[in-house]
Visitor: 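Okay, here's the structure, questions in a sec.
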Amino acid sequence: MRIVYASELPRYQYIVRGTDGIQEVFDRLEHGALGVDTETTGFDWTVDRVGALCLAAGDTSAFFVKNALGRAAKWLANQIKRRRRLVFHNGKFDMHMIRETFGIHIAYPVHDTLVMSRLLDNRGVPKERFPFWSFNHELDTLANFYVHMDASDAHTELIDAIRDVVGRRKNQLADWLVAPVRVQGKYGGRDPWYTLRLYDMFISMIQHWPQPDGYPKLMELYHNERWLMLALRDMEERGVKLDQEFLHRWLAKAKRRTDKLTDKMNRRAGYDLNWNSNPQIRELFWEELELEQVDGEKLNKKVLLRLDHPLATLLLQRRKHSKMVSSGRALLTNLDSRGHLHSHYNQNVDTGRMSATKGFHQFARDSGVRKAVVPSKKGLVLRSADYSQVEMRFAAHFSGEETLINGFNNDPKFDTHAALAKRMFGLRRKREPSHGQRDRGKTMNFAMLYGAGEDAVTSQLIDKISAEEARQSCIELGHIPSRSESPFRSLAKLLRDAVRSSYPRMWSFTKEEEELTKVFGYVVDAYGYHRWLDENEAYKAMNSKVQGSAAHKAKEGMVNVYRELQMGTGQIAIIMQVHDDIVYEGDGDPEIDRRVIALLEDRKNFSVPITADLKGSDKNWQDKESITLPKKRRLA
DNA sequence: AGAGGATGCGCC
DNA sequence: AAAGGGCGCATCCTCT
């Protein structure tokens, strides 16, 4: 038997189906923060709608459904007009739903226990039944962990009740509203109450979270994330206009190419097979054609390239085109009736970066599909502001590596790859590195940021250059490889040593962060975000710090733009974000562009400037060109 | 049938 | 001692 303390459950709990006595319930919800949760017909806000509203405040929680729903929505709208403090769990979703169902728009930042939980611990909390390997940020998991241990059981009971109605086949969560109202209300009504309890705890934890000297308070970061939620919500709602006719033509072309390749490959193989199936390809390659196995049974790009067989070459092409077909199709099915694509942005993933679903994030850049993205209205133009070398700039800032600091500060066209190459290969000031040397510099810059070891660098080199080139580079670094040694591995070793002596501060900074991470359990980025890392993941610390800083800089920039330029007419609007690339629509006024860039950049808070480059087009996203803003006239 | 793992690929 | 970082998606395949 478990003891459930009084404070672990709401004192007053209502299920309200009609308007009788509803005012009494509202009265009880009048004070303090208001917890809000919606129960919906599904997860897609473009088609699904709210079926029940759950509200909580103080010692009361209430579940409004059926005839009470409209009245509750109206009451909520009133509270919002009064700028009542609202607390959600995954509020971006609920705000979409409330807007689409009731026409209620929320124009001020709300609180969100999902965002809070992720800021406090990106790993989440253990689920009760699988505490050792299953962690997440779901409301009932958090409630179970922080509030009381029966929270999950309550949900299980609810799910069971739903299953009694719809059977055990599909994803029942979407069918929430089919359960008897009595069951829905009993457990569903508790959700916003749990949310409030979590909010009370989290806000205090965020308030008191200790930050290292010189780093922003966690509350500042949370504040920015709250604004970001609004910016993302509006960006998702607006969506991205796609040229459907173009997309259909583009898709047909990709399909024709795929089919052609399929035919060709079948003829070549002598029989038809499914070229999407690796087991079938393995059988053909290893057993019938008896090709050499390069890397176990893998059939990835690298292996196929090294096989150097006509079918392997064709397979690579086919994979590319068939991927274009499937993801192009997905794009079309995701369009709304106006031809807009509404991506979904995941605000907090482990590094602090955002991820996106239903969008362009992973689309091949050279596929030409970006031509389908067009301005949503006549007279509007597309603009894209790209943070320039932002991760390398943060690496420079944190490490204090002088070559990088000076380069970024003094040379607007600073070439980091050439700079590293010059140092590694010991070139004098004025001597430019050869093409090959610069390429080694580029490889090692990425290796540095990603924490690549010797093996990774070796295979990267094998991938990119010939043995002769590798030999040549070794010699340039003062080592003549013998016949028996792999020039790639030797070069990897030499390059790593060269980086270490070229950028000693970068090296020691990387090691220091690794050690600190082992002590504290997490690494902190420039904006005060801490990412938890196990001891055996501590080697990721430097990468996390740099990637997280870049991500949070972009978020801060977006919020700056949103708060200043987007709250008015909406003529300017951010429509997409691809990590360090922020795409917006505008009227083409260069003064606006100048302001956007100024809001995105940061030229004073770090030891190197964080800058953004502007590109644009009035036609589509693909055909954008660099824009040089006219010099601002200076007052004499 | 549906869930989830494995594999592979693309973006930053 | 080991490890290029982060993500989402399509497809195939195995298990239940």
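Remember, it's a predicted structure, so these values are computed and weren't measured experimentally. Reckoned from all heavy atoms, side chains included, excluding hydrogens, waters and symmetry mates. Naming convention: chains lettered A, B, ... in sequence-line order (proteins, then strands); numbering from 1 in each chain.
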Visitor: Please give, in whole Å, the distance from B:dT7 P to A:Lys302 NZ?
Guide: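 So the NZ-P distance, A:Lys302 to B:dT7, works out to 16 Å.
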
Visitor: Grab the CZ-P distance between A:Phe360 and B:dC11 for me, whole Å please.
Guide: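 Checked: the CZ to P distance equals 14 Å.
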
Visitor: Calculate the interatomic distance between A:His579 atom NE2 and B:dG10 atom P; express it in whole Å.
Guide: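 In whole Å, B:dG10 P and A:His579 NE2 are 16 Å from each other.
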
Visitor: Scan A:Ala447 against the nucleic acid and name what it touches under 4.0 Å (heavy atoms): base, sugar-phosphate only, or nothing.
Guide: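 Base contact.
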
Visitor: Under 3.5 Å, is there a donor-acceptor pair linking the side chains of A:Thr258 and A:Arg318?
Guide: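 Their side chains do not contain a donor-acceptor pair, so the 3.5 Å distance test is not met.
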
Visitor: Say you pick atom P in C:dA2 and the same atom in B:dG8; how far apart are they, in whole Å?
Guide: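 Nearest-Å result for C:dA2 against B:dG8 at atom P: 24 Å.
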
Visitor: When you compare the side chain of A:Leu614 with that of A:Ser626, does any pair of heavy atoms fall below 4.5 Å?
Guide: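 Heavy-atom side-chain distance check fails, nothing below 4.5 Å.
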
Visitor: Which of these, A:His417, A:Lys464, A:Gln460, sits in a side chain to side chain donor-acceptor pair (under 3.5 Å) with A:Thr443?
Guide: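 Testing each of A:His417, A:Lys464, A:Gln460 against A:Thr443, the sole residue satisfying side chain to side chain donor-acceptor pair (under 3.5 Å) is A:Lys464.
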
Visitor: Separation of A:Leu305 atom CG from B:dG8 atom C1', in whole Å?
Guide: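 Answer to the nearest Å: 14 Å.
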
Visitor: By the 4.0 Å heavy-atom rule, please label A:Asp350 as base, sugar-phosphate, or nothing.
Guide: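 Touches sugar-phosphate only.
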
Visitor: Going 5' to 3' along DNA chain C, which are the first and last nucleotides with any atom under 4.0 Å from a heavy atom of chain A?
Guide: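 With heavy atoms of chain A under 4.0 Å away, the range is C:dA3 to C:dC13.
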
Visitor: Is there a side-chain contact between A:Thr416 and A:Phe408 in this structure, where contact means two heavy atoms from C-beta onward sitting under 4.5 Å apart?
Guide: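 Result yes, sub-4.5 Å side-chain heavy-atom pair found.
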
Visitor: Other residues, nucleotides and ligands only: do more than 12 of their heavy atoms fall within 6.0 Å of NZ on A:Lys358?
Guide: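 Atom NZ in A:Lys358 is packed in, count exceeds 12.
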
Visitor: Quick one: on DNA chain C, does A:Ser327 or A:Glu391 contact a more 5' nucleotide (nearest heavy atom)?
Guide: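 Checking each residue's closest nucleotide, the 5'-ward one belongs to A:Glu391.
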
Visitor: Does a distance-only test, which skips hydrogens and angles, find a donor-acceptor pair under 3.5 Å between the side chain of A:Lys323 and the base of B:dC9?
Guide: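 Such a pair exists between side chain and base.
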
Visitor: Can you find a heavy atom in the side chain of A:Trp45 that is under 4.5 Å from one in the side chain of A:His342?
Guide: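 Answer yes - side chains close enough.
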
Visitor: Rounded to whole angstrom units, what separation is found between the CG atom of A:Leu304 and the P atom of B:dG10?
Guide: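 Atom-to-atom, A:Leu304 to B:dG10, this comes out as 11 Å.
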
Visitor: Within a 6.0 Å radius of atom NZ on A:Lys624, are there more than 12 heavy atoms belonging to other residues, nucleotides or ligands?
Guide: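 Buried by this count: over 12 neighbours within 6.0 Å.
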
Visitor: When we call it a touch if two heavy atoms are under 4.0 Å apart, what does A:Ala550 touch: a base, just sugar-phosphate, or nothing?
Guide: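 The residue A:Ala550 makes no contact with any strand.
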
Visitor: Taking the C1' atom in each of C:dA1 and B:dC9, what is the distance between them to the nearest angstrom?
Guide: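 Taking atom C1' in both C:dA1 and B:dC9, they lie 30 Å apart.
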
Visitor: Take atom CD of A:Gln317 and atom P of B:dG8, then tell me their distance rounded to the nearest Å.
Guide: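 After rounding, the reported distance stands at 19 Å.
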
Visitor: Whole-Å distance between B:dG8 P and A:Gln362 CD?
Guide: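 These atoms are roughly 19 Å apart.
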
Visitor: Mark yes or no for whether A:Glu236, through its side chain, and A:Tyr345, through its backbone, hold a donor-acceptor pair below 3.5 Å.
Guide: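 It does hold such a pair.
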
Visitor: If only side-chain N and O atoms of A:Lys301 are considered, is one of them under 4.0 Å from the OP1 or OP2 phosphate oxygen of B:dG8?
Guide: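 Indeed not, no polar side-chain atom of A:Lys301 lies that close.
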
Visitor: May I ask you to say what A:Thr458 touches in the nucleic acid, namely base, sugar-phosphate or nothing, with a heavy-atom cut-off under 4.0 Å?
Guide: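 The residue A:Thr458 makes no contact with any strand.
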
Visitor: Choose from B:dG8, B:dC12, B:dC9 the nucleotide whose nearest atom is closest to any side-chain atom of A:Val578.
Guide: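 The closest nucleotide is B:dC12.
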
Visitor: Without decimals, in angstroms, what is the distance between A:Leu316 CG and B:dC9 C1'?
Guide: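 Whole-Å distance recorded here is 11 Å.
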
